[in-house]
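Structure record follows, encoded as C-alpha cells.
Sequence lines set the chain letters: A, B, ... in the order given, protein chains first and strands last, and positions in each chain run from 1.
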Number of protein chains: 2
Amino acid sequence: MQKKTVKRRDAGASAPSLQDERLANDGEGGASDQEIYERIIASIMEHRLPPGTKLGEDKLAKIFGVSRARVRQVLARLALERVVVLHPNRGAFVAEPTIDEAREVFEVRRPLEALVVRRIVAKNDRAIIARLHAHVEAEEAARAARDRRAIIRLSGEYHVLLAELSGSTLAARLMHELASLTCLIIFLYDAPSVPACRDQEHSEITQALADGDEATAIRLMTEHLEHVEACLDLSRGRPEELDLEAALAG
Amino acid sequence: MQKKTVKRRDAGASAPSLQDERLANDGEGGASDQEIYERIIASIMEHRLPPGTKLGEDKLAKIFGVSRARVRQVLARLALERVVVLHPNRGAFVAEPTIDEAREVFEVRRPLEALVVRRIVAKNDRAIIARLHAHVEAEEAARAARDRRAIIRLSGEYHVLLAELSGSTLAARLMHELASLTCLIIFLYDAPSVPACRDQEHSEITQALADGDEATAIRLMTEHLEHVEACLDLSRGRPEELDLEAALAG
DNA sequence: CTCATCTATTTTGTCGACAATTTATCGATA
DNA sequence: TATCGATAAATTGTCGACAAAATAGATGAG
C-alpha cells in the first residue's frame with residue numbers, strides 16, 4: 001500500500017519559487033515536501049497564519065493528506081529558517097520575532113540588498129529588467145485590485161526575485177529567509193497605514209536598474225528599506241510575554 | 001525500554017558553540033542531536049571529513065550509538081546549511097562548493113563581517129575584547145603546537161565568535177554557516193602554502209577593535225578576507241565532474 | 001579478456017505504532 | 001465557591017519494520 005513514486009526535487013534544489021498557490025485542502029492523495037513548505041510559507045507571507053499560531057502536526061497532516069512524519073520534516077525546516085519556533089514537547093508555532101530580531105533583519109538586509117543591486121547592474125541583462133518590470137506590474141495590479149494579501153506577498157517576493165536574478169544562489173537563499181521574516185515583522189509591528197509607499201519605490205528601483213545607474217539604485221533601495229523600517233512601531237514590544245516578565249521582575 | 005529523559009536544548013536554541021570536541025565513538029548510550037551536529041561540523045571544519053565524503057546513515061548511527069532517524073534529522077539540517085548535499089536515493093555527502101559558490105560566500109561575508117565589526121565597536125565592551133584576545137591566544141598556541149586541524153577550525157571560529165559577541169543572533173547564525181562553507185572552500189581550492197598569514201591578521205583586527213578604531217578594523221577585516229580569497233586557486237575547477245561533462249560535450 | 005545483463009546485497013525513503021510529556025477535565029476538600 | 005490534586009485526553013518524541021531504489025557482484029556472451 002505504498003504510494004506512487006513521488007516526484008522529488010533533484011539534488012540541485014533549484015526551487016521554483018514565487019508561485020501563488022493558495023493554502024487549502026486539496027482533497028486527493030498527498031502533496032510533496034516542497035509543496036507543503038511553499039504553502040505554509042505563502043500563508044505566512046500573506047498574513048493568513050498570524051504569528052503565534054499553533055501548527056499542530058496531526059492537523060497539518062490531515063489538511064495536506066500526508067503522514068505526520070512528512071509534516072514534521074517541513075516544520076523542522078521552517079524552524080531552521082526561524083519562521084516557526086519549536087517548543088519542546090509543545091509543538092510548532094509561527095514565529096514572533098522580537099524588536100531586536102526585527103532590527104537585525106533590516107541591518108543584514110541593507111548590505112545584502114546593496115550587493116544584489118550591484119550584481120544586477122553588473123549583469124546588464126535586458127531579460128532581467130523585463131522580469132522585474134513584469135513583477136512590478138503584478139504588484140500594481142494587486143494594488144489596484146485592493147488585494148492586500150497579494151500586495152504583501154508580492155512586495156516581499158520582489159526582493160527575492162531580485163536576489164534570484166542576481167545570479168547568487170547564496171544571496172537568493174538568504175533573501176528568501178529574510179523576506180519571510182520581514183513579513184512576520186511587518187505583521188507584528190506595522191502601523192495600520194502602511195502599504196501605500198512601497199510599490200512605487202519598487203518601480204523606481206527597477207527604473208534605476210534599467211538605466212544601469214548603480215548609485216541611484218543602491219540609494220533608492222537603502223531608502224526603501226529605511227522607509228519600511230521607519231514605519232514599524234518600534235518603541236514598545238507587544239504586550240504579552242515581555243510584560244509578563246517585566247511584571248514578575250518588578 | 002525508553003531511554004532516560006534526554007536533556008534537550010531549550011526553545012531559545014542559544015547554541016553553546018565553539019567547543020573542541022573530537023569526533024569519536026563514545027561507546028556508551030547515545031548523543032543528542034546537537035552533539036551529533038557539532039561533532040560532524042567540527043570534523044568538517046578540521047578537514048577530517050573531506051568534501052565529497054559519503055555520510056552513510058547507518059554508519060553514522062552506529063558511530064554515535066543512536067537511531068538512524070536521529071542521524072537523518074541532523075543530516076537534513078546540515079543539508080539546509082549547504083554543508084552537505086543530499087542526493088535522492090543516494091545519500092548524504094560532504095558538500096563540494098563550486099568556484100562560483102565560493103565567490104558568493106566571500107561576497108556575502110565581506111559586508112556581513114563589516115556589520116559585525118561596527119556592532120562590536122559600538123558596544124565598546126572590555127569583556128568582548130578580552131574574549132577575542134583569549135581566542136587569538138588559543139590560535140597562536142595551536143599554531144605554535146603545529147596543530148593544523150585546530151588552526152583551521154579556530155581560524156573559522158574567530159569570525160563566528162566575533163559575530164556572536166556582536167549581539168546579533170542573526171549575524172551569528174549566518175556567520176556560523178558561512179564559516180563552515182569557507183572551511184570546505186579552503187580545503188578544495190587553497191594552495192598548500194596557506195595558513196601562515198591569517199592568525200596574525202586576527203590579532204591585528206582584535207587590536208583595532210580594542211582601540212575602538214572602526215575604520216581600521218573594517219579595513220583590516222576586508223583585507224583579511226581578500227587575502228584569504230586571493231590565496232584560493234580560482235582559475236580552474238576541480239577535475240572530476242566538470243571535466244567529465246566537458247569530455248562528453250567534446 | 002572485455003563488456004553487458006541479471007541477481008543479490010546494501011542503503012535510503014516512508015510509514016505506523018508505542019512511549020512520554022503536556023494539557024484539559026473532573027472530583028474532592030477547606 | 002474556589003483551589004488543589006488526580007485522572008483522562010490529546011499531542012509530541014522516538015523507534016523499528018517494511019518497501020523501493022541503487023550499487024555491487026556474479027554469470028554468461030562476444
Side-chain angles (χ1 to χ4, degrees), chain A residues 1-13 28-37 40 49 52-80 84-95 240-241 244, chain B residues 1-13 26 28-37 40 49 52-80 84-95 240-241 244 248:
Chain A
M1 205 198 282
Q2 202 74 353
K3 306 168 62 173
K4 75 250 181 190
T5 54
V6 292
K7 55 191 181 228
R8 52 171 60 88
R9 70 271 182 245
D10 202 354
E28 65 206 39
S32 77
D33 285 25
Q34 190 68 20
E35 284 175 310
I36 299 173
Y37 169 82
I40 295 178
L49 286 176
T53 304
K54 168 82 179 281
L55 299 174
E57 297 180 356
D58 233 331
K59 201 166 295 186
L60 290 175
K62 285 195 180 69
I63 289 176
F64 291 110
V66 300
S67 76
R68 198 162 65 88
R70 192 76 63 87
V71 170
R72 202 175 168 77
Q73 252 180 289
V74 174
L75 251 31
R77 173 175 175 188
L78 291 165
L80 250 61
V84 312
V85 290
L86 258 45
H87 295 259
N89 291 321
R90 297 261 324 265
F93 300 81
V94 178
E240 359 179 27
E241 51 222 355
L244 185 68
Chain B
M1 204 198 284
Q2 201 73 353
K3 306 165 61 175
K4 74 251 179 192
T5 53
V6 292
K7 55 190 183 227
R8 54 171 60 90
R9 69 273 183 247
D10 203 351
D26 64 351
E28 65 206 41
S32 78
D33 285 25
Q34 190 68 18
E35 283 174 311
I36 298 173
Y37 169 81
I40 295 178
L49 287 176
T53 304
K54 169 81 179 280
L55 299 174
E57 298 180 356
D58 232 331
K59 201 166 296 187
L60 289 175
K62 284 195 180 68
I63 288 175
F64 291 109
V66 300
S67 77
R68 198 161 65 87
R70 192 77 64 88
V71 171
R72 202 175 169 75
Q73 254 181 289
V74 174
L75 251 32
R77 174 176 173 186
L78 291 165
L80 251 60
V84 312
V85 290
L86 259 46
H87 296 260
N89 291 322
R90 298 260 327 266
F93 300 81
V94 178
E240 0 179 28
E241 52 222 353
L244 186 67
L248 291 174

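- In this structure, the nucleotide among C:dG16, C:dT12, D:dG13 sitting nearest to the side chain of B:Glu57 is C:dT12.
- Rounding to whole angstrom units, CD of residue B:Gln73 and C1' of C:dT12 are separated by 16 Å.
- Contact check, A:Lys54 against C:dT22: no side-chain N or O comes under 4.0 Å of OP1 or OP2.
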Show me the side-chain donor-acceptor pairs of residues 55-64 of chain A shorter than 3.5 Å, one per line, residues at least two apart or across chains.
from    : atom 1 : to      : atom 2 : distance (Å)
A:Glu57 : OE1    : A:Arg68 : NH1    : 2.6
A:Glu57 : OE1    : A:Arg72 : NH1    : 3.4
A:Glu57 : OE2    : A:Arg72 : NH1    : 2.6

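- Atom NE2 in B:His87 sits roughly 13 Å away from atom P in D:dA22 (whole-Å rounding).
- At whole-Å resolution of the value, CZ in A:Arg68 and P in D:dT14 are 11 Å apart.
- With sequence neighbours excluded, the residues forming a side-chain contact (heavy atoms from CB on, under 4.5 Å) with B:Ala79 are B:Val84, B:Leu86, listed by chain and number.
- End-to-end axis angle for the helix from C:dC1-D:dG30 to C:dA30-D:dT1, using five pairs per end and rounding to 10°, comes out at 0°.
- At whole-Å resolution of the value, CZ in B:Arg90 and P in D:dA21 are 15 Å apart.
- Note: CG (B:Leu86) to P (C:dT12) measures 10 Å, nearest angstrom.
- If you check D:dA17, D:dG13, C:dC15 against the side chain of A:Asn89, the one that comes closest is D:dG13.
- Atom-to-atom, CG of A:Asp58 to P of C:dA17 comes out at 13 Å; the value is rounded to the nearest Å.
- Taking 4.5 Å as the limit, some side-chain heavy atom of B:Tyr37 sits within range of a side-chain heavy atom of B:Leu78.
- Between the CZ atom of B:Arg70 and the OG atom of B:Ser67 there is a distance of 5.5 Å, given to the nearest 0.5 Å.
- To the nearest angstrom, C1' of C:dT12 lies 14 Å from NZ of B:Lys59.
- As a whole-Å value, the separation of A:Lys62 NZ from C:dG16 C1' is 14 Å.
- The distance from the CD1 atom of A:Ile40 to the CZ atom of A:Arg77 is 10.5 Å, given to the nearest 0.5 Å.
- Donor-acceptor pairing under 3.5 Å, judged by distance alone, is absent between the side chain of B:Arg70 and the base of D:dG13.
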